[in-house]
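Down below is the structure, laid out as structure tokens.
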Amino acid sequence: VDNIQKILHEIAGRTNSSSPKAEPRRTTAVHLIENGVQLEFVNGRKQNVSVVYQGTHYRFVSVVLRRGGVEQIGREKILPLSWLRNREINLVAFTLDKRGRLIGSIEQPYKTADPAEVFYYLENLAWECDQLEYLLRGIGDMD
Amino acid sequence: MIQPLSLDSARALIDFSGGGASTDIASEQQLEGSLALHNLLAKKPFVYLADEVGMGKTYVALGTVALFRHFHPHWRVLYITPRENIQQKWLKELRNFTANNWRVTDNCVRSFQGTPAYGISVCHSLLDFAREAVLNPRRDFILRLTSFSFGLGENTQQWVGKREELLDLIPWLERSDFSLRDKEEFKTNFACALNAIVPHFDLVIVDECHNLKHGFQAKGGASRNRLLGYLLGSHDAPKQFLHYAKRFDRVLALSATPLESDYRELWNQQDIFGYGEPVLIDNEINDAEKKKAVEQFLVRRLTQLTINGKVHTKNMYRREWRNGGVSVHDEPLRMADDQQKLIVALVQKKVAEVLGSERFNHSFQIGMLASFESFLETAKVKSHNEDDSVFDNSEQTDQDIEREGIDTNSVNQLARSFQQRFGKSLPHPKMDAVAESLKSSFSTGKKSLVFVRRVKSVSELSEKLNRHYDTWLKGYLINQLDPKLHEEFEKAFIRYENERKVDQRRELIGKSPDYDMDEEINDLRAELFQDKEDEGANENFFAWFFRGKGPKGIFSGAAFNRNRLSSEGSAYSTFFENNYVQALLGETRDPILVIANLVSLSNNEARAQLRAHAHSLFLQRSRQKKYQRSPVFLAYQEAALQLLASQSRDKDIKERALIMVRERFGNKPIIGSFPPKDFPQPDSSLLEKTFFTEIIKRPTLRACLCPEERFDDFTTQFRRQEQRRELLVAAARLGQPFVDLWILMVNRLESLSAGVQERSEYRSKELLDDYLNLLEQQSQRPDEYRAFRELNEIANHFDLILAVNFPTIQQESLKKLPHLFGRALARQTPVGGMSGGINKSLVQQFRMPGYPLILVTTDVLQEGEDLHTFCSQVIHYGIAWTPSALEQRTGRVDRIRSLASRRLQQTQNVTDDDLLQVFYPHLNETVERLQVERVYERMNRFIRLMHHQLIGDISEDSYVNTKQDMIVRPLTRDIVPIRERLQTPFDVKDEWLCKDLPFASTDAVQRSNEAILHFQRVVDYLEDKFELLTEPSSNTWSYFVTLFMNRSGLPVLKGQRLQELRHQPLTLFLRAAISDHGSILLRCVSPVGQVAWNDLYHMERINLVHQQIHIGRICAISDAKKRTYDLTIELDMLFHPDTTQLEEVADLVERTASSADRIEQTLLGIDQPMDKFRIDLLEEPKRG
């Protein structure tokens, strides 16, 4: 757990940080927030990612739609859509959580985590969630 | 920032000669083209590739895309193609290019699996595009232009339906944005709204971009072009739309005919994307200046063939028949007799009367007079589909009367009157002459492509040709059959003719003049796309007698194929099989003894093991109680190969047997059984003589029909040999060569009555000898179009055939080949007809030797389909009005490695007959001559414009004015083919090749290689850690395995006891993480089961379980046929040899399997083994 916290601090300490090989570079800043980080993108959008610890693994979680948003569209549409989208994209798992929210998550063992890898996962998760939010709510911008 | 590349850098990545698609000169030209376009696009937003038809523009463009993607893996490309068949063609070529022409596995362009490393979605409508973009915008999309002209009827309910579908996809759109007041406004708003979810594309490729030459107009004009412009956001939206934006950076346009009469057409195409260069429409600037401007962004190279040391451009190696005749070059079409002359004169009078009326003012649309093509009655077609009208390309005019053909009524009246008075159809000299000249194809095997304009001409001309074919085939059969059989055969033929006439009458009665063609075409399409068993047909004698079930009570070709060659119990069922054991060990009198020696068993022990194993394999293969010949033969072949593969002392034989059994049968666990006494002994199966064991003894014949493959790698060698064998078998059984085999059989049987074979002593071995003798005899007369010729041509051009028709063959399991080739070559017919939609198998067959020899088609085959491999003759029976359309049509047979180019480059003394023949059949002294002269003139002007300089203004008018044209002809007309060598002003400039730039490369290939090495360490670790069953299909980048799961839902560790276990199949493989530069992901996929689309109850239950375990992601694959989702659990991780630890991967595998197993229990309450999922799971790593 300490290791992950340390890594998050390290990532947040960078300015204009991004995974070195990522192209195009999307993230302009990473801020520490309660239970996680906030990523800021080139288009000005921000996305929060929280960290959940599960035994030997950590799980990064980011919210796409709150319960009200999910119900407005309908769980019967959101559930298959999230599974179909999971099939198409890398790394991120979209699902409806116990609170009825549509969330995206990535899980990894924390024992082997390193900063570059963690940032890679954070950026992918935050960006994917932001994109899905755009498609479902029209807020933000298309990649 | 895009950096230009040097030629050396590009050459290190692309090999255009790979896959046998290009010659050396052509491949260098293609490489230069790809690089030039890359470097041009690095600095210009709109670039045009206008190479002549057939030079491989698609490949050049794919090379450009690949160069970009190698250095910028996140790039996204949108392909816009004219229509559906061309979408499929792009997908096919993309896969071919990736597999055969891209040199490196970089995980940017080519994945570990040899497939494209990025996802590709082929979309069938704009809404489909939107749906796919919502699921995953980070991939390439292939759209078709016809999707942009979506038809909306006058009924606004239809519009409402479209609107609701869109709102369903994009729930935050405003319903009020879609006013139902005006159709065009509705379409515009639809495109603007859809723009909000169009991903950003780095490059848009527009194939056949000349289709957009009418440009963009915010109001009026072509709605298709307007919608395209708005969808991509290249022009300001007519009103405020949330998130409306430009969605692309640059455009690569492709067309061999980028303009026809004016540089404005080029500007129009640019302007759709907002890139119109003002100079091109500036009236103050002369054409020379405009041409200079065009030279900066347009590349056009010319096809050149060196024949007898002299360079020929396209116009030189084509022989155009511009005087109308079809039998003697430069001669006009002759009318057969006075009756024909009288009829033509009468029709001319009628046509003149129609044209002379005030309404038409002596004018008609080129190609749109029915009488030019037929004097048969043209049914008035009631159709709701824009594609289904009297003529193809009905967009040429917006006048309904012209779309139906202004002379249709007059010709119909004459046709009816003639039929009533003389009891036969009105003869048409042009149709009769063309059919007469084409009938020689049946004895020469020469292929012809015939384009018509009038849709009904397809069936009329086909019908005429089929009657000629019947006459020819009947003569051939009578000539070859034993005279004792003639009487029976004549009776069969009369029966066929009667059945055909009855069916024709039925068809006529069934169709009122106003029948609904939509319905018929839909039925036809349904048939084409379903893999229905061939029932035979009576369109010609071949279809009736040799295909499908065949006529009852006769030992027909169909009966021979179905009841003998295909029947598992028949003595002929192994006729075309391969005796693999003999191929491996050589011919021997006692194969069991040889096997016993090799595996260190006694003869009896070897026999017993073979029987036990073969019996078990037989039970897997057949449910029959009777031990039928073919499954027993195959069971023994497999059993013997397995025994040798597992126990042979001879290392080489062991290795080869292992490869043979794996590739041909698939590895299966060896399970013995207790064979009953009556299970056949192995001897006869291992000694079985087949076509392939016997042809080896005739090396000359073998070299002609299935030459021996020699490769260092035995897997490749064996696979190639089997591919050759299966293709030869499909051709020999399903096409014209089968006629000769049947003749041999019935001549020996001496009867055509059903059941005669059972009473005969004639056996398979004798037929084998007879057949091989016959093929040897025929090989002495290679000019005759008989079985040998066709099979020999297939053997000689095997690689070319695979490249054009079966590009994915290297990835296919050998077990699938009979189905693949059988399906491709089924339902052969000597004359094929096509209109309304593409018949894919007919097109595929036309690209091979054999039937169809003649393909009659409307403009559906004008673009996209390559038909050049075995055809060098095109007949413009109905003439298209634009030079570009004519060029596109001729271009179908004039391409790299075409039959004509192969012949011309191989022949020492080339004659005019060796050239590519282009016919324009027409009757002189009729108004049709005026039409073709107008077209010739335009063709010449097009050539002068593209190759020299623009001459004068060219009329954009598709009308022929009979009065005016009669007066000015022929002195002022430029209608003789241009014969001098052409020069292009738009060649690739040296500066675009950046020869001086340093070599550029990335470390992507090295990283891929390192990843593969590390993956092997991972696999070894997993095998040490878990109890598992590895699948033989595993390879260096993908691993297929069944994990055993204990009661706690965890994988059983190595050495733990295996009791009451559940199975969890999964695959672990490497894939590219395309959005990032060269990153590699490791993905683990484990299948779960299915859930119905509307089964929310189970979906919620699965979600609940997943909420509890929180492991992996639930993934769904939609199956539209079954209306179900196939569910899997998947987990990814970044994979890097330096940082990825072996325990991390084991953890990934364990978690995926546990999660999938648990959800499977929830969903189904059962345990499904690998067998249930194997086929789908093997496909997983191939996903882009």
Side-chain angles (χ1 to χ4, degrees), chain A residues 19-24 26 52 54 56-57 59 61 69 72-77 79-99 104-109 111-112 114 116-117 120-121 123-124 127-128 131-132 134-143, chain B residues 72-74 119 132-139 168-173 196-200 242-243 245 247 1071 1073-1079 1081 1083 1093-1094 1096 1099-1100 1103 1106-1107 1110-1118 1125 1127-1128 1130-1134 1136 1139-1141 1143-1144 1147 1151:
Chain A
S19 56
K21 289 169 190 163
E23 190 182 353
R26 301 175 184 131
V52 179
Q54 296 182 164
T56 54
H57 290 68
R59 200 154 73 96
V61 178
Q72 203 177 355
I73 296 171
R75 285 176 70 91
E76 74 284 0
K77 280 186 188 168
L79 211 49
L81 172 71
S82 61
W83 295 353
L84 289 166
R85 196 167 163 97
N86 284 348
R87 167 81 181 171
E88 294 293 335
I89 58 172
N90 294 331
L91 294 162
V92 179
F94 289 112
T95 187
L96 289 175
D97 72 0
K98 286 177 184 166
R99 291 159 64 182
S105 65
I106 290 181
E107 61 190 271
Q108 291 297 322
K111 200 169 138 189
T112 52
D114 70 70
E117 194 179 70
Y120 183 86
Y121 292 141
E123 187 176 55
N124 268 277
W127 187 256
E128 287 293 351
Q131 283 293 286
L132 188 55
Y134 168 74
L135 290 169
L136 296 174
R137 294 182 64 201
I139 296 170
D141 202 359
M142 189 77 182
D143 181 13
Chain B
H72 308 276
H74 63 279
E132 292 298 318
V134 165
L135 286 181
N136 179 11
R138 231 154 290 145
R139 50 187 166 160
D168 199 43
L169 269 171
I170 319 175
W172 42 273
L173 286 178
I197 55 166
V198 172
H200 191 87
L242 204 58
H243 304 294
R247 302 286 179 193
R1071 62 178 269 119
I1074 273 305
S1075 56
D1076 302 279
H1077 204 160
S1079 298
L1081 292 181
R1083 172 165 290 175
W1093 278 0
N1094 56 2
L1096 188 63
M1099 286 192 217
E1100 289 286 10
N1103 193 50
H1106 190 250
Q1107 280 171 3
H1110 275 315
I1111 296 174
R1113 56 179 199 270
I1114 306 171
C1115 298
I1117 307 146
S1118 189
Y1125 296 118
L1127 301 182
T1128 58
E1130 302 187 7
L1131 262 172
D1132 297 338
M1133 64 185 288
L1134 266 177
H1136 194 285
T1139 55
T1140 301
Q1141 297 178 23
E1143 308 92 80
E1144 252 186 296
D1147 178 73
R1151 288 163 70 79

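Chain naming here is simple, since letters A, B, ... match the order of the sequence lines and numbering starts at 1 in each. Keep in mind that this is a model prediction, so the values were computed, not measured. Values below: all heavy atoms of this structure, side chains included; hydrogens, waters and symmetry mates excluded.
Both the backbone and the side chain of A:Ile89 come within contact range of chain B, judged by heavy atoms closer than 4.5 Å. In this structure, chain A has a heavy atom under 4.5 Å from the side chain of B:Leu1081, while its backbone stays farther away. Within the 4.5 angstrom heavy-atom criterion, atoms from both the backbone and the side chain of B:Leu1134 approach chain A. Of the atoms belonging to A:Gln72, not a single heavy atom falls under 4.5 Å from chain B. Residue B:Leu173 does not touch chain A at all, counting heavy-atom pairs closer than 4.5 Å. In this structure, the portions of A:Glu76 lying under 4.5 Å from any heavy atom of chain B include both its backbone and its side chain. Residue A:Leu79 touches chain B through its side chain alone, counting heavy-atom pairs closer than 4.5 Å. Contacts of B:Gln1141 with chain A are made by side-chain atoms alone, with heavy-atom separations under 4.5 Å and no backbone atom involved.
Using modelled atom types, one finds no donor on one side chain facing an acceptor on the other under 3.5 Å when comparing B:Arg138 with A:Asn90.
Note that CZ of B:Arg1113 and OG of A:Ser82 are 12.0 Å apart. Values are rounded to the nearest 0.5 Å. Note that CD of A:Glu88 is 6.5 Å distant from CD of B:Glu132, once rounded to the nearest 0.5 Å.
Note on ring orientation: taking the six-membered ring where Trp is involved, the planes of B:His243 and A:Tyr134 are perpendicular (angle over 60°, cut-offs 30° and 60°).
The candidate with the highest count of non-hydrogen atom pairs below 4.5 Å against chain B, out of A:Leu132, A:Leu81, A:Val92, is A:Val92. Counting heavy-atom pairs closer than 4.5 Å to chain A, the top-ranked of the candidates B:Asn136, B:Leu1131, B:Ile1114, B:Thr1139 is B:Ile1114. The choice from A:Ile139, A:Leu136, A:Asp114 that makes the most heavy-atom pairs within less than 4.5 Å of chain B is A:Leu136. The choice from B:Ala196, B:Ala1116, B:Ala133 that makes the most heavy-atom pairs within less than 4.5 Å of chain A is B:Ala1116. Interface summary for chain A: among B:Gln1107, B:Glu1100, B:Arg139, the most heavy-atom pairs under 4.5 angstrom belong to B:Gln1107. Annotation: maximal heavy-atom pairing with chain A below 4.5 Å, among B:Thr1140, B:Asn1103, B:Ile170, occurs at B:Asn1103. Contact tally against chain A (heavy-atom pairs below 4.5 Å) for B:Cys1115, B:Ala245, B:Ser1118: the top residue is B:Cys1115.
Checking side-chain atoms of B:Tyr1125 against main-chain N and O of A:Leu84 turns up no donor-acceptor pair under 3.5 Å. Of the possible polar contacts, one joining the B:Asp1132 side chain to the A:Leu91 backbone as a donor-acceptor pair under 3.5 Å is found.
Counting heavy atoms from C-beta on, the side chains of A:Lys77 and B:Asp168 come closer than 4.5 Å. Residues B:His1110 and A:His57 form no side-chain contact, since every pair of their non-hydrogen atoms from C-beta on lies 4.5 Å or further apart.
Residues B:Leu1127 and A:Trp83 come closest through the heavy atom pair CD2-CE3, 3.8 Å. Taking all atoms of both residues into account, the shortest heavy-atom contact from A:Glu107 to B:Gly1112 is OE2-N, 2.9 Å. Residues A:Leu135 and B:Pro171 approach most closely at O-CD, 4.0 Å, considering heavy atoms. Taking each heavy atom of A:Thr95 and B:His1106 in turn, the nearest pair found is OG1-ND1, 3.9 Å. Here the closest heavy-atom approach between residue A:Arg85 and residue B:Pro137 is recorded as NH1-CD, 4.0 Å.
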Given side-chain contact (heavy atoms from CB on, under 4.5 Å), test B:Thr1128 with A:Arg87 step by step and report yes or no. CA-CA 9 Å; B:Thr1128 58; A:Arg87 167 81 181 171; 4.3 Å; yes

